[in-house]
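Some notes on the structure that comes next.
In the text below, chain A, chain B and the rest are named by the order of the sequence lines, each starting its count at 1.
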Protein chains: 2
Amino acid sequence: MSEQVHEPRMQSMCEGPQGDPEVFRSILARVGDKWSMMLIGMLQEGPRRFTELKAMTQGISSRMLTQTLRQLERDGLVKREMFAEIPPRVEYSVTDLGRSLIPAVLAIAEWASAHTNEIAANREDYDAAVE
Amino acid sequence: MSEQVHEPRMQSMCEGPQGDPEVFRSILARVGDKWSMMLIGMLQEGPRRFTELKAMTQGISSRMLTQTLRQLERDGLVKREMFAEIPPRVEYSVTDLGRSLIPAVLAIAEWASAHTNEIAANREDYDAAVE
DNA sequence: CTGAATCCTTTTAGATACTG
DNA sequence: CAGTATCTAAAAGGATTCAG
């Protein structure tokens with residue numbers, strides 16, 4: 001009887017309108033993850049090898065790179081291709097699913113970019129007030 | 001000489017086009033945080049008291065609720081008002097800045113909502129393949 | 001080259017008890 | 001009511017070493 005709201009509401013983020021709420025939450029966590037979106041961004045321009053990614057992603061350890069790529073692969077956001085060569089070559093690339101996520105992440109990135117200074121100032125004020 | 005791209009690229013997520021890159025990253029982390037956006041969502045409908053939020057946010061401890069609210073307050077996404085009454089009353093509400101973040105988060109939420117099942121299936125496939 | 005395995009330190013967060 | 005303090009278990013993450 002009441003109007004149906006089609007856009008998901010923030011509330012719905014708790015339950016996940018469809019599908020497993022845990023999966024839903026983990027997607028959000030993946031986006032907020034330190035390396036995941038950074039890697040997706042890098043792969044956006046084309047396939048990259050493990051070592052390339054490691055060099056591009058300043059500060060990441062092999063361990064974290066492997067882990068993060070595995071999770072992205074598991075979710076189907078990234079594809080992993082192994083070539084039986086010597087020395088071995090492995091290429092990572094974004095999938096269509098991964099690519100479809102980019103605009104939404106970019107929206108956050110834009111907001112963050114626009115408000116970074118304001119937030120930094122807020123923090124300073126807060127910290128100064130609390131001492 | 002080359003065309004200027006106005007939209008932030010995923011790459012820029014690493015450096016943060018303007019302002020402190022660490023602040024920039026921490027914003028993304030906040031969005032991916034387990035409770036932050038859930039709380040913003042709840043406050044969207046109006047000011048809430050500590051106990052109300054705790055009751056609404058099923059599974060959160062006082063400790064985490066306090067911590068999360070403090071961080072949101074520090075960033076200027078949430079406002080905290082104390083009333084000198086007995087018993088004490090404290091009201092939390094979203095700020096304009098906090099409200100401005102909602103659409104971007106909703107974009108992620110929509111994507112997550114639309115792809116939860118697909119991702120769950122991907123994970124099953126992956127796990128089955130790896131054993 | 002592309003990791004896996006191990007060790008070890010740091011961080012996080014839940015449970016519990018207590019206070020103005 | 002609205003937290004703080006403390007303790008602890010668990011998880012995350014870096015460094016290092018080794019392997020196909």
Atom CD of B:Glu52 to atom C1' of D:dC1: distance rounded to whole Å? 12 Å

Would B:Arg80 and B:Tyr92 count as a side chain to side chain donor-acceptor pair (under 3.5 Å) here? Give the steps. CA-CA 5 Å; B:Arg80 179 179 184 270; B:Tyr92 294 91; 3.2 Å; yes

Among D:dT4, C:dG14, D:dG14, the one nearest A:Met64 by side-chain distance: D:dG14

Atom-to-atom span, CG of B:Leu65 to C1' of D:dC1 - whole angstrom: 13 Å

Taking atom CD of A:Glu85 as the centre, report whether more than 12 heavy atoms of other residues, nucleotides or ligands fall under 6.0 Å from it. yes

Nearest whole Å is fine: how far is C:dA4 C1' from A:Lys54 NZ? 13 Å

Rounded interatomic separation in angstrom, taking CZ from B:Phe50 and C1' from C:dG20: 15 Å

State whether A:Arg70 places a side-chain N or O below 4.0 Å from either non-bridging phosphate oxygen (OP1 or OP2) of C:dG3. yes

Separation of C:dG3 P from A:Phe83 CZ (nearest whole Å): 12 Å

When you check the gap from the basic side-chain N to the acidic O, do B:Glu91 and B:Arg89 get nearer than 4.0 Å? yes

Over 12 foreign heavy atoms within 6.0 Å of CG, B:Asp127: yes

Atom pair distance, as rounded to whole Å: CD in B:Gln58 and C1' in C:dG14: 15 Å

Flag side-chain contact, heavy atom, 4.5 Å: A:Val90 against A:Glu81: no

Between B:Ser36 and B:Thr68, what is the shortest heavy-atom contact and its length? OG-CG2, 3.5 Å

Proximity to DNA chain D (any heavy atom under 4.0 Å), residues of residues 86-94 of chain B only: B:Pro87, B:Pro88, B:Arg89, B:Val90, B:Tyr92

Return no unless some side-chain N or O of A:Ser61 is found under 4.0 Å from OP1 or OP2 of D:dG13. no

Counting any heavy atom closer than 4.0 Å, what does A:Arg63 reach on the DNA or RNA strands: base, sugar-phosphate only, or nothing? base

Bend of the helix from C:dC1-D:dG20 to C:dG20-D:dC1 from end-axis comparison, five pairs per end, nearest 10°, comes to 50°

How many Å lie between CG on B:Leu69 and P on D:dA2, as a whole number? 11 Å

Taking for each residue the nucleotide of DNA chain D with the nearest heavy atom, is it A:Asp33 or B:Arg49 whose nucleotide lies nearer the 5' end? B:Arg49

How close do B:Arg25 and A:Gly32 get, counting heavy atoms only, and between which atoms? NH2-O, 3.4 Å

To the nearest angstrom, how far is B:Lys34 atom NZ from C:dT11 atom C1'? 16 Å

With side chains defined as the heavy atoms from C-beta onward, is the minimum distance between B:Leu28 and A:Ile108 less than 4.5 Å? yes

Considering residues, nucleotides and ligands other than B:Gln67, do more than 12 of their heavy atoms fall under 6.0 Å from its CD? yes

Residue B:Ser62, side-chain heavy atoms: nucleotide from C:dC1, D:dG3, C:dG3 that is nearest: D:dG3

